[in-house]
**Q** 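Dropping a structure here in structure tokens format, bear with me for questions.
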Number of protein chains: 2
Amino acid sequence: MATKGSAVPEGVIERLPAYLNCLMDLEEERVATVSSQRMSDLTGINAAEIRRDLVHFGSFGIKGVGYDVKSLAGRIQKILGSDKPHRIALVGAGNLGSAIAKYDGLRKHGFEIAAIFDKDPARIGKRLGATLIHHPKEIDQVIGHHGIYMAIVAVPPDAAQRTVDQLAAAGVKVILNYTSARVTAPDGVQVHNSDPVNELLYTLYYLRSRKQVPEG
Amino acid sequence: MATKGSAVPEGVIERLPAYLNCLMDLEEERVATVSSQRMSDLTGINAAEIRRDLVHFGSFGIKGVGYDVKSLAGRIQKILGSDKPHRIALVGAGNLGSAIAKYDGLRKHGFEIAAIFDKDPARIGKRLGATLIHHPKEIDQVIGHHGIYMAIVAVPPDAAQRTVDQLAAAGVKVILNYTSARVTAPDGVQVHNSDPVNELLYTLYYLRSRKQVPEG
DNA sequence: CTTTGTGAATATTTTCACAGCT
DNA sequence: AGCTGTGAAAATATTCACAAAG
């Protein structure tokens, strides 16, 4: 039921990647079927919640058995849209950009770094992996040519806003900002700030309340 | 009022870093006071929710005026525990590790990379920034010596679990896992998997359904 | 037996709306 | 005037618990 119709809560969509990762791990371990309880153990998400989440998109389970790992993974990929490859632009080919370009998590989900930009003349014309490095002035042209709508920004903080402006102007719709700079983008362009420090910060609170940290 | 006593919801703690970042930005712009509405515009979090969150820790605002930017920032730092410096260990000094070591977001919040480990003989004994690179076999000794309880893992995926095991054995309580490998840790050790791909994945859903993500 | 899918119950989060202070 | 802090309401999220199905 409810394969379409009512809006799917945002929280459900945010949990789908966790289910997908869990299922891909199980698939690698050659596990054929999985119960919601097993997935709960692996993801930390309540079993009933997992079942309820999945039912938003259809009845994928078999009563008394569980879910077929492979087919459920495929269904979630279809729901998210990661069953088809997606081209990404990467701006900044320094240490961070190089690490991102090599990151196998991207490829695992069908993301392909299709264009790289860096303003360092020593890097332009070279390749990172298989992808040629262009000057940022070519962002508009190259992104338009490839029809790219997602980008990762890994430039120095003071170049972040300018880079985002260029990407937005070129038609990019989703930007992952890896710099410490807070940036703004026009309506219709999603910016995600990937700041690990925030995670460290809030863990501090729990560390202290558990008296695991010297009071100082 | 409620300065401690009843448990503070986890969501509140998770939002505090957002408030802090926003306030630090305003401080840099020499803004003296800020209303919850202005903070709402800057963070995307509902103004009433911001006020309610802050009241968990005391009444910091002035009616008719707003919040004093500097003192509220200081209060949040105290609540989180980032008013005092914290030493971190970094394992892996490749591209990603180097980028992390240089990342100014860490220093901004008082985190100091106090120890670096890498198994590459060419890197051992050298420095990344001001910090000496050690062989991972010294993790236990160096971390014990510095009293380090937080660590960032930026090694190749196949070395991730081994590294986490070593860090946990050395007494580290918070681990930020930057690899694509899913790892486990003993009770009492928090592992945070920092996987940006999950964020890209769920944005795909909204891109495809051509819907704008609820204002943020 | 096992496990899904789901109505009902519970808990939590978010938002409104305004009294009261500056 | 402008804004916080907060009861009350609304909206969501989570969990329970079990009938139905393999």
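The chains referred to below are lettered A, B, ... by the order of the sequence lines, with proteins before strands, and numbering in each begins at 1.
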**Q** What is the distance from NE2 of His56(B) to P of dT12(C), rounded to the nearest Å?
**A**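 Taking NE2 of His56(B) and P of dT12(C), I get 12 Å after rounding.
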**Q** Verify the distance criterion only: is there a donor paired with an acceptor across the side chains of Asp104(B) and Ser180(A) at less than 3.5 Å?
**A**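 There is such a pair between these side chains.
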**Q** In this structure, how many angstroms lie between the C1' atom of dT4(C) and the CG atom of Leu54(A), rounded?
**A**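 It is 11 Å, rounded to the nearest whole Å.
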**Q** Do any N or O atoms from the side chain of Arg107(A) and from the backbone of Lys102(A) form a donor-acceptor pair under 3.5 angstrom?
**A**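 Such a contact is found between Arg107(A) side chain and Lys102(A) backbone.
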**Q** Expected output is a numbered-order residue list: members of residues 62-73 of chain B with a heavy atom under 4.0 Å from any atom of DNA chain D. What is it?
**A**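 Heavy-atom cutoff 4.0 Å gives Ile62(B), Lys63(B), Gly64(B), Val65(B), Gly66(B), Tyr67(B).
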**Q** Under 3.5 Å between N/O atoms: give me all the protein pairs with nucleotides 14-16 of chain C, atom names plus distance.
**A**
{"from": "dT14(C)", "atom 1": "OP2", "to": "Arg15(B)", "atom 2": "NH1", "distance (Å)": "3.1"}
{"from": "dT14(C)", "atom 1": "OP2", "to": "Arg15(B)", "atom 2": "NH2", "distance (Å)": "3.4"}
{"from": "dT14(C)", "atom 1": "OP2", "to": "Glu49(B)", "atom 2": "OE2", "distance (Å)": "2.2"}
{"from": "dT14(C)", "atom 1": "O5'", "to": "Glu49(B)", "atom 2": "OE2", "distance (Å)": "3.2"}
{"from": "dT15(C)", "atom 1": "O4", "to": "Arg52(B)", "atom 2": "NE", "distance (Å)": "3.1"}
{"from": "dT15(C)", "atom 1": "O4", "to": "Arg52(B)", "atom 2": "NH2", "distance (Å)": "3.2"}

**Q** Between dT12(C) atom P and Glu14(B) atom CD, what is the distance in whole Å?
**A**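 Distance, rounded to whole Å: 15 Å.
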**Q** Which pairs count as salt bridge (charged side-chain N to carboxylate O under 4.0 Å, His left out) when at least one residue sits in residues 22-31 of chain B, sequence neighbours excluded?
**A**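 Listed by first then second residue: Arg182(A)-Asp25(B).
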**Q** Is a donor from one side chain sitting under 3.5 angstrom from an acceptor on the other, for Asp195(B) and Tyr178(B)?
**A**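 Short answer, no.
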**Q** Between Asn198(A) and His109(B), is any side-chain donor less than 3.5 angstrom from a side-chain acceptor?
**A**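 Not at all, the side chains of Asn198(A) and His109(B) share no donor-acceptor pair under 3.5 Å.
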**Q** dC16(D) C1' sits how many Å from Gln37(A) CD, rounded?
**A**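 Taking atom C1' of dC16(D) as the reference, CD of Gln37(A) is at 13 Å.
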**Q** Starting from C1' on dT4(D), measure out to CZ on Arg38(B) and report it in whole angstrom.
**A**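 So the two atoms are 17 Å apart, to the nearest Å.
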**Q** In chain order, what residues pass the salt bridge (Lys or Arg N to Asp or Glu O under 4.0 Å) check against Asp118(A), with sequence neighbours excluded?
**A**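 Result, salt bridge (Lys or Arg N to Asp or Glu O under 4.0 Å) vs Asp118(A): Arg123(A).
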**Q** Is Ser36(A) near enough to dT4(C) that one of its side-chain N or O atoms lies under 4.0 angstrom from OP1 or OP2?
**A**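 Answer yes for this pair, as a side-chain N or O of Ser36(A) is under 4.0 Å from OP1 or OP2.
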**Q** Kindly write out the residues that satisfy side-chain hydrogen bond (donor to acceptor under 3.5 Å, both in side chains) with Asp165(A), not counting sequence neighbours, or none if the list is empty.
**A**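 Gln161(A).
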**Q** Out of dG5(C), dT4(D), dT13(C), which nucleotide sits closest to the side chain of Val55(A)?
**A**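 Of dG5(C), dT4(D), dT13(C), dG5(C) is nearest to the side chain of Val55(A).
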**Q** Identify each donor-acceptor pair in which a side-chain atom of residues 142-154 of chain A lies under 3.5 Å from a protein atom, sequence neighbours left out, and give them as a table.
**A**
{"from": "His146(A)", "atom 1": "ND1", "to": "Val142(A)", "atom 2": "O", "distance (Å)": "3.2"}
{"from": "Tyr149(A)", "atom 1": "OH", "to": "His86(A)", "atom 2": "ND1", "distance (Å)": "2.6"}

